[in-house]
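The structure appears below as structure tokens.
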Amino acid sequence: MKRRILLLFILSISVVPLVAQVQVTNLLVENRQEPLGIDDPMPRLSWQLLADKRNVMQTAYEIRVSPDLKALKQGRKLSWHSGLVQSDQSVLVPYKGSELAPGTPYYWQVRVRDNKGKLSKWSDPSFFVTGLQQAANWQAQWIQVGFKEQKSRPSPLFRKEFTSDKKLVQALAFITAKGVYEAEINGQKVGDLCLAPGWTSYNKRLQYQTYDVTDLINEGNNAVGVTLGNGWYRGNIGFEGKVDAYGDELALLFQLELTYDDGSTAVVLSDGSWKSSTGPIVYSEIYHGETYDARLEQKGWSEAGFNDSGWSNVEVKNYSKTILVTTENEPIRKQEIFHPVEILETPEGDQVIDFGQNVVGWVQLKVAGKAGDKITITHTEVLDKDGNFYTESLRSARQQNTFILKGEGLEEFEPHFTWQGFRYIKVEGYPGELKPENFTATALYSDMELTGSFECSDDLVNQLQHNIQWGQRGNFLDVPTDCPQRDERLGWTGDAQAFARTASFNFRVHSFFDKWLKDVAADQYANGGVPYVVPDVLNNKQVSPGWADVATIAPWTMYLAYGDKELLETQYASMKAWVDYIKHVSHKDLWRPKHSFGDWLFYRPFDDNSGMSAVTDKSLIAQAFYAHSTQLLIQAAQVLGKQDDVKVYQDLLAQIKHAFTQEYMTPKGKLVSGTQTAYVLALHFDLLPEELRDQAAKRLVDNIRLYNTHLTTGFLGTPYLCHVLSRFGYTDVAYELLMQKTYPSWLYPVTMGATTIWERWDGIKPDGTFQTPGMNSFNHYAYGAIGDWLYRVVAGIDTEVDQPGYKAIRIQPQLGEPLTYAKAELKTYYGTVVSGWEKGVDKVTLQVSVPVNTKAIVAIPASDAAAITEGGKQFSEFKEITLVGQENGRVLVQIGSGDYLFEWPN
Ligand code: BGC
């Protein structure tokens, strides 16, 4: 008996850790854990606090930073000691110490004082490693192959041997390429990244990567080998088979810095002494796949002692190094693995494997056969209604990997410089039977942290959430792409702006957008126009409303989601240039653009005799986004203290709105386009006079009813549709739209077996036939923008705008039939926010978690404050819960950090 009690006691300790005082954890530098290659002279530091009590805030912090780990702990040799700073800031605190040296590890720790007056222990030390910082620190030279390339452009290899004969303490490699690269040292891959250096506006910004390769270096002889691929740089990217978007020759830049324990250093640099050749990758293209001929492998080519006498010299090139920038976002890495769920033979006789999930990445296979045996794997997203392998919607993208065996026992293959969007593969030429254990599908995407989850009592909505997250995984591959499978895979700006807020819930996309928005600014035209796609490989100098507005919408969204003022400051010139562009091309405050995608992919019935197509006037859309962008610019100017701009653009906004109502609204408030998108944009962007808003919301609902409670919106109206309904008191209608299962609706594709979001509401029609193959992707995230409403309205997690990044939280769930429960969790920089409600027979519960160092207002959907309990008690008994008021049938309470369970009668 005694032993059982003891056991229980021990168990309870390990399950609920008792944190006596505040604990400082999860140290981040520039949003990442222990990052390498920090080039910002004032990198921003963040940390999280844990406490076992409620209502804990930080009142002061103390940071120390040192290049010497031992000295750090003793408080010596500090490059920065902040002293005790009275502040509740724990996110994005800028380093303000002495100048950071390049290629150097820095260790740091932090302690805090809380609002109970207690000082925490110092956190465990964390570190960051600085990058090369500036062009002058690159001693390496750009090199290219020294032989004439074949037409098929096989992937070139580069190699170099070197010795390292002292005791090594650190080896850092800095690598980039024009093209994509994989590096090896002594036969082992450097790092675990895929498709490095990623995709940027290469002519203006080319990222390099920093690797700690200390463990790969031998004492004595060593070798480095690098393979290059065409990638985005010169492969086929863009329309009409376009190649060489940035140049027609691949090049490598490699710098290895060795530091020895006697304090001396050495470097290994790409230069004229390297050798070049070709290897087993005989063909590689992003859209079309890779051909790997194992018979052409050169055994030991990246190891010392390899005979490279048959290799060619290299050519040294004087390419710019001033365009080099460090990698600020999470790199592409291998992620989830899928196994075959079915191996089948189609009616047409193809051998097909189904992985059960539309995934973006590639297939790895194991095989034993004869030298020269050739296996071809073709990838696609769907089977047709007869169960045959369907590739028409891939357009010209072949999505085909070919592996040629060397015939030496069990061989394993995967491609290198390509990726595929698929659920099904067709296997040809495989020697022997297809067995599930020989095929795996690996997802590839930017290694962002999964931060959000949403679940509710309806399985179809849960599958929708799954599809939204998988659409994001597949299309957040270093840049936000429209689709990952056909001959496109471009950074369409409209899609990105529509999905940005949803994206910020599902994953931590802070650095992802930070990086991409710099490319938006870099590729912005001299007149302020913003391209259709970024990086801009279309190069057509055109803009479209709702696409170009990514320049204002995405920075503002990132500011809200992560509280990053610096990002807003960095993007401000781009935001302003975009609004100024519209102003410049407008006439009498009206913007009527020449080109516009309009409300892309809105509802449009076939053989539309009664005029049910939901066409929204393109100029009306343009004017609405002109107002919205101007509004966001004003907000940014306010945050950044640019009062002059606030005034100028407020005046402009008033004129834009006036022009909108004059041109597109009757005196009674009817819009010239009666579509859902027209009313949604006018209401969401506050374009209508106050007194005409309710009637407009009513017209929106009437329109939804006209279509038997179906949405008709395209890419531009969809993100805001349910938000507008819930804002104007029609949350019930929003729920009806959410739950709608027939086309057009969010759940229709789910009922058709979708595992990702489709490009079109009816990619597969009810009779099993497909939409037009010219544009029919089954992995296109734009319509997944409903995710934002699931998180912010159904579960009710939002940030207060004046304390963004969830420093001050708003929990305001809007319950709706037929859901009986819904719950979301969001990992913010402060910790995890939870909001989950459940409707029982006679009571409703609301579970809320608020991280340390934040506060929340909870808007409880109950009419009688006295009937609400927390943890079974009247909440007036708790100091940390304050009743702040009542509004619209809700009781508002303010709470400090901690976990809460509110209950009230149903
Ligand atoms: C892309 C879309 C994009 C659109 C604009 C399509 O081909 O896939 O997502 O926004 O073009 O025209």
Side-chain angles (χ1 to χ4, degrees), residues 199 232 236-242 286-287 358 360 381-382 392-397 399 419 421 467-468 470-472 474-477 479-500 502-503 516 519-520 523 529-551 553-554 593-604 615-616 618 621-622 625 677 713-719 744 749 754 756-763 770-786:
W199 192 14
W232 299 276
N236 173 197
I237 194 90
F239 299 127
E240 287 128 25
K242 189 178 165 186
I286 288 173
Y287 295 156
N358 192 339
V360 176
E381 298 182 288
V382 285
E392 234 185 309
S393 56
L394 302 174
R395 304 195 308 213
S396 77
Q399 289 222 106
W419 73 88
N467 296 0
I468 296 171
W470 273 94
Q472 180 167 356
N475 284 295
F476 275 51
L477 203 107
V479 305
T481 58
D482 58 333
C483 61
Q485 72 299 82
R486 69 177 177 224
D487 49 357
E488 209 152 336
R489 314 186 192 189
L490 302 173
W492 283 97
T493 45
D495 309 45
Q497 69 80 5
F499 189 66
T502 302
W516 184 70
D519 291 307
V520 170
D523 275 348
V530 179
Y532 292 167
V533 300
V534 172
D536 183 17
V537 285
L538 298 183
N539 237 317
N540 58 13
K541 297 279 173 268
Q542 290 178 359
V543 305
S544 172
W547 269 247
D549 299 281
V550 77
I553 296 171
K594 279 200 217 89
H595 303 277
S596 169
F597 295 119
D599 186 26
W600 193 247
L601 298 183
F602 56 86
Y603 173 67
R604 200 170 5 160
V615 187
T616 309
K618 287 184 176 178
I621 293 175
F625 276 92
T677 291
T713 47
F715 278 22
L716 299 183
T718 300
T756 37
I757 299 292
W758 294 349
E759 176 172 28
R760 293 173 174 269
W761 294 120
D762 60 345
F770 294 119
Q771 255 287 1
T772 166
M775 227 186 58
N776 198 18
S777 141
F778 296 95
N779 197 354
H780 226 82
Y781 54 61
Y783 286 145
I786 182 66

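Worth saying up front: this structure is predicted, and the values here are computed from it rather than measured. Atoms within a ligand are numbered from 1 in the order they appear, just like the ligands themselves.
Annotation: the span from Thr718 atom OG1 to Phe602 atom CZ amounts to 12.0 Å, rounded to 0.5 Å. One finds the OH atom of Tyr781 at 12.0 Å from the CH2 atom of Trp492 (value rounded to the nearest 0.5 Å).
Looking at Tyr783 and Trp761, their side chains do bring a donor and an acceptor atom within 3.5 Å of each other. In summary, the side chains of Glu381 and Asn358 do present a donor paired with an acceptor at a separation below 3.5 Å, with no hydrogens or angles considered.
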Are there any protein N or O atoms under 3.5 Å from the N or O atoms of ligand 1? List them with distances, or say none.
unit_1   : atom_1 : unit_2 : atom_2 : d
ligand 1 : 7 (O)  : Arg486 : NH2    : 3.4
ligand 1 : 7 (O)  : Glu488 : OE1    : 3.3
ligand 1 : 7 (O)  : Glu488 : OE2    : 2.5
ligand 1 : 8 (O)  : Asp482 : OD2    : 2.6
ligand 1 : 8 (O)  : Arg486 : NH2    : 2.7
ligand 1 : 8 (O)  : Glu488 : OE2    : 3.4
ligand 1 : 8 (O)  : His780 : NE2    : 3.0
ligand 1 : 9 (O)  : Asp495 : OD1    : 3.2
ligand 1 : 9 (O)  : Asp495 : OD2    : 2.4
ligand 1 : 9 (O)  : His780 : NE2    : 2.8
ligand 1 : 10 (O) : Asp495 : OD1    : 2.6
ligand 1 : 10 (O) : Trp547 : NE1    : 3.0

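Because its NZ or CZ atom is both nearer than 6.0 Å to the ring centre of Trp419 and within 45° of the ring axis, Arg489 counts as a cation-pi partner of that residue.
In this structure, the ring of Phe715 has its center no less than 6.0 angstrom from the ring center of Phe597.
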